[in-house]
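Lettering of chains follows the sequences in order, A, B, ..., and the numbering in each one begins at 1. Note: hydrogens, waters and symmetry copies are ignored here, and every other heavy atom, side chains too, is used. Since this is a predicted model, take the numbers as computed values, not measurements.
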Amino acid sequence: MTTTDTALEAVDLGRRYRRGWALQNCSFALPAGRIAGLVGPNGAGKSTLMSMSTGLLRPTTGTVRVLGQESRGGTHRRLAFLAQDKPLYRKFTVDEMLRAGRALNPSWDDQHARRLVREAGVQFDAQVGTLSGGQRTRVALAVAFGRRPALLMLDEPLADLDPLAREEVMQTVLSEVRQTGMTALISSHVLADMEGPCNYLLLLASGRVHLAGDVPTLLAEHRVLTGPRHVGGHGVPAAAIVESRADGDREVLLVRGGGGEPPIGWHQSAPTLEALAMAYLRSSSPSRVPRRSEVAA
Amino acid sequence: MIWVAWRQQRTQLLISVLLVGLVSALLAFFRFDALEYLRSHGIEGCLRIEKERCTSSAMNAFASEYRTYVSVVPMLLLCLPVLLGMFAGAPLFAREFEQGTHIFALSQGVRRGRWWATKLVVAGVPVIGAVAALGLAATWGLRPLNFVTHGRMMTPGFETQGLVVAAYAALAFALGATVGLLARNTVIAMAATLALYVVFVAGVGAGARPMYLDPVEKRGSVTAGAAIGSGRGGSVVPDDAWRVGDSYFDASGVEVTFDPSSCQSADSNIETCLERQGIATVSARFHPDENFWKFQLAESGIVLVIGFLLLGLGGWGLHKRLL
């Protein structure tokens, strides 16, 4: 795979703060054209990874390459990043915000940005600070898409939105991504948001990459085994077991690799993306078992 | 980037210019008012008590007429520059960090050095320029009131006139911008700006200002009215000079000490007290009003260098750490 086929590549990337490592030994290569879900609980290192990709945060170890270029001091011209709280100048009108986008970017597609604002039904003379969360996100996206990016990074874009706005925002993003063929990396601690649109999964927990790859491949590589609950009954090597947990009087295993016939008395099935991710998240954190509602709701 | 920075600072800049305009208008009004008073009382052009025309009684009457104005205006001129500098500087970066908008600006196509410099220039230059105009307006507006203000060499006359007014505003601006950039909190930046500002300005005033030039030394005999505070009008130190030291000599020219606290109420004036202590000659060292602009240049230079060093510290901090 050549570098132009890789939208975002991290090699041994790490960042240490005073309180410890936020991200460590992070290596992956996101192929161009994917819609990638960056999934993990709060504090997993998702924002740290994105900040380093924009060049605004210096890595402690390793490198990160955006569209084949290492980010140093500034953001790659074809990368658009929308931070978690969707920072915009509150005192500006929407029109002035677009003008700021034009002033701050050497290549700027004003017509495109304006069309997105019109589609969102936001008034151009409205002050940014008075917009609802959904409108504000749509304006922030219009500014991001005005850059005509090849790689889009959204940090928790849906976190503060109501269900209707979530759907609208996600549709806006996906239609733009599909029309332009850009690569998207969208972080969320809510798995359900990611399951439908994403065809690539990057799973972070406690500052480490636990899973990275194309969704169909990941699903094909894993299977769920359900059987009676007694030790050693399944005969699966311990190294292949991602997670083992009790469900009533039955035992549920997520197993990597293998295939073929299930052990006698065991039922075998393909995992859903959510089940797969949940199993990795739970196994990554023995001290803290995330509740289903917390991670997957 | 210039447009973005201007749009962010627009309201504040207009308010700053408006305030400076109002105070300048006040200064102009009282300049013409004082000139009119001097003219109508026959003491036109008198800057201090002098023999013949600028009599002490006429000048003291003039002083009591304008005392209220002259006691209020220096407060205004001391506070306004530091406040304008602080309000322009402290939120400049701190508010961006608080609201996360620095991430927006810096993830667009603008490099951090340019973002930093553009914001500093757009926010700082107009405010400091306006305050410079205020300093010159104060010099011009308070000149006829020289006697009432005790001149422009001593505190607060020196700090509220001339070039240092703008230099102090620049210092407050640089302090605010840099602390805001490093602390990333507007309230902390403002508090630290005020505290550090007082330390710097008081430090420069007490530590460096007396040394800009050697003081002038003048001697005179007590009987001729040379003593400071003499009512005879022949004091060795002009009213508007900054006295930094004095010595006393007896009739044979030997230096003696003078104890002002032993002056008695029976002493009708300063001369009888001096003579009772055997003092015949007084000598004083002082910085005369003629050196005003040289002092202003020296102090402005020092303060501006401190300001630029502070800005440099901020730039270095920005280079080291961004998010």
Between Val143(A) and Gln108(B), the two heavy atoms sitting closest are CG1-OE1, 4.4 Å
Below 4.5 Å from any heavy atom of chain A, which atoms of Arg95(B) appear? Answer side chain, backbone, both or neither. neither
Counting only heavy atoms not in Glu70(A), do more than 12 fall under 6.0 Å of its CD? yes
Which atom pair, heavy atoms only, marks the closest approach of Thr75(A) to Leu106(B)? OG1-O, 3.4 Å
Return yes when atom CZ of Phe87(B) has more than 12 non-hydrogen atoms of other residues, nucleotides or ligands closer than 6.0 Å, and no otherwise. no
With a 4.5 Å heavy-atom cut-off, do Leu104(A) and Phe104(B) have their side chains touching? yes
Spatial distance of atom OG (Ser107(B)) from atom CG (Leu79(A)) [nearest 0.5 Å]: 8.0 Å
Which atom pair, heavy atoms only, marks the closest approach of Tyr89(A) to Thr101(B)? CE2-CB, 3.6 Å
Gln84(A), part contacting chain B, at a heavy-atom distance under 4.5 Å: neither
What's the shortest heavy-atom distance between Pro87(A) and Gly100(B), and which atoms? CB-O, 3.1 Å
With chain A as the partner, which of Met1(B), Gln8(B), Arg7(B) has the greatest number of non-hydrogen pairs under 4.5 Å? Arg7(B)
From Lys91(A) NZ over to Gln99(B) CD, what is the distance, rounded to the nearest 0.5 angstrom? 7.5 Å
How close do Pro106(A) and Gly109(B) get, heavy atom to heavy atom, and via which atoms? CD-CA, 4.3 Å
Other residues, nucleotides and ligands only: do more than 12 of their heavy atoms fall within 6.0 Å of CZ on Arg114(B)? no
Need one label for Arg58(A): side chain, backbone, both or neither, based on atoms under 4.5 Å from any heavy atom in chain B. side chain
Other residues, nucleotides and ligands only: do more than 12 of their heavy atoms fall within 6.0 Å of CZ on Phe308(B)? no
Closest contact, heavy atoms only, Trp3(B) versus Ala100(A): CZ3-N, 3.7 Å
Would you indicate whether Trp316(B), at its atom CH2, is surrounded by more than 12 heavy atoms from other residues, nucleotides or ligands within a distance under 6.0 Å? no
Give a yes or no on this: more than 12 heavy atoms of other residues, nucleotides or ligands lie within 6.0 Å of atom CD1 of Ile2(B). no
